[in-house]
Amino acid sequence: MVTVQPVLYLEFKPSLKIVAGHYEKLAEDLDNFREPLRRSIEKVIIPSIQKNFDSGGRPAWAGYAETTIEFHEELGEAMSKALLIKSGALKRAMGSFNIWTVGKTEATLVDLPSSVWYGKLHQAGYGGRAGKGAIPARPFVMIQPGDEEDIVEI
């Protein structure tokens, strides 16, 4: 009786099933950008927004209207020399990662916290009534030209 002996014996360690599982995880990771999006927000977008506040806008925001200055003088209120930074609440809120929604393939800032609702008026501007109470747009949530390259790198 002839017995057949294997000429070549291969043993895969880890087993092919485990290896296949790793490839499935890799495919899933390539389809899931949650972590790079999170890092992009924390390392690029939030610092860029903070720089917008620190520099008075990039490009520079419109200054205070004369009527705004007069209004605050009549109230006896001191005006902040830095635009959009009176109490610092809006700048602090914009420095929080928690206001972002991060999914598998996109990150979104849908709304601002209700405590800084006025930020929406400053971001987009407001026409006022019959020209009174108009607020020029002072966009602080925006991607700067250099930010895109940094995000792609992440």
Side-chain angles (χ1 to χ4, degrees), residues 14 16-154:
L16 286 177
K17 184 175 183 179
I18 294 171
V19 172
H22 288 297
Y23 285 124
E24 288 174 16
K25 174 72 171 121
L26 175 62
E28 183 181 313
D29 288 346
L30 291 176
D31 202 30
N32 182 346
F33 291 93
R34 188 172 277 127
E35 184 58 24
L37 288 168
R38 183 192 62 75
R39 285 197 317 264
S40 294
I41 293 167
E42 290 178 336
K43 302 216 180 284
V44 179
I45 297 172
I46 289 175
S48 183
I49 291 171
Q50 296 297 298
K51 284 181 191 173
N52 290 338
F53 281 97
D54 294 341
S55 65
R58 299 178 298 158
W61 297 323
Y64 291 119
E66 191 59 41
T67 54
T68 301
I69 296 169
E70 291 169 2
F71 175 75
H72 283 273
E73 285 174 353
E74 288 174 16
L75 293 176
E77 290 182 355
M79 290 192 63
S80 170
K81 291 190 191 252
L83 290 163
L84 301 189
I85 304 178
K86 184 174 182 179
S87 69
L90 180 59
K91 182 181 177 186
R92 278 191 306 279
M94 296 312 303
S96 172
F97 177 78
N98 295 333
I99 63 175
W100 290 84
T101 302
V102 180
K104 288 175 85 172
T105 59
E106 64 184 23
T108 311
L109 175 60
V110 177
D111 203 357
L112 298 179
S114 60
S115 61
V116 292
W117 61 269
Y118 53 88
K120 292 183 266 189
L121 296 175
H122 290 291
Q123 175 73 19
Y126 175 72
R129 292 181 293 244
K132 294 183 179 182
I135 298 172
R138 295 184 176 112
F140 48 90
V141 180
M142 54 189 301
I143 302 290
Q144 299 294 330
D147 295 344
E148 289 181 26
E149 295 167 14
D150 295 339
I151 291 168
V152 168
E153 189 174 311
I154 290 174

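The basis for the numbers below is simple: all heavy atoms, side chains too, and nothing from hydrogens, waters or symmetry mates.
- Residues L112 and K120 share a closest heavy-atom pair of CD1-N, 3.6 Å.
- Counting heavy atoms of neighbouring residues, nucleotides and ligands inside a 6.0 Å radius, atom CZ of F71 does not exceed 12 of them.
- Side chains of L90 and I85 form no contact here, defined as non-hydrogen atoms less than 4.5 Å apart.
- Taking each heavy atom of V141 and M94 in turn, the nearest pair found is CG2-CE, 3.3 Å.
- Judged purely by atom type and a 3.5 angstrom limit, R58 uses its side chain to pair as donor or acceptor with the backbone of S48.
- Considering all non-hydrogen atoms of both residues, D147 and M142 come closest at OD2-O, 4.2 Å.
- Using a distance-only test at 3.5 Å, with no hydrogens or angles considered, no donor-acceptor pair links the side chain of T108 to the main chain of V110.
- Looking only at side-chain heavy atoms (C-beta outward), L37 and W100 stay at 4.5 Å or farther from each other.
- For E153, the CD atom is loosely surrounded, since the number of other residues' heavy atoms within 6.0 Å does not exceed 12.
- The minimum heavy-atom distance between I41 and A107, with the atom names listed, is CD1-CB, 3.6 Å.
- Under the 4.5 Å side-chain criterion, counting only non-hydrogen atoms from C-beta, E77 is in contact with K86.
- Contact of the I143 side chain with the I151 side chain is registered, since non-hydrogen atoms from C-beta on lie closer than 4.5 Å.
- Partner of K91 under the side-chain contact (heavy atoms from CB on, under 4.5 Å) criterion, chosen from L84, N52, I49, D54: D54.
- Ring geometry, F140 versus W61: the interplanar angle exceeds 60°, so the pair is classed perpendicular (tilted spans 30 to 60°).
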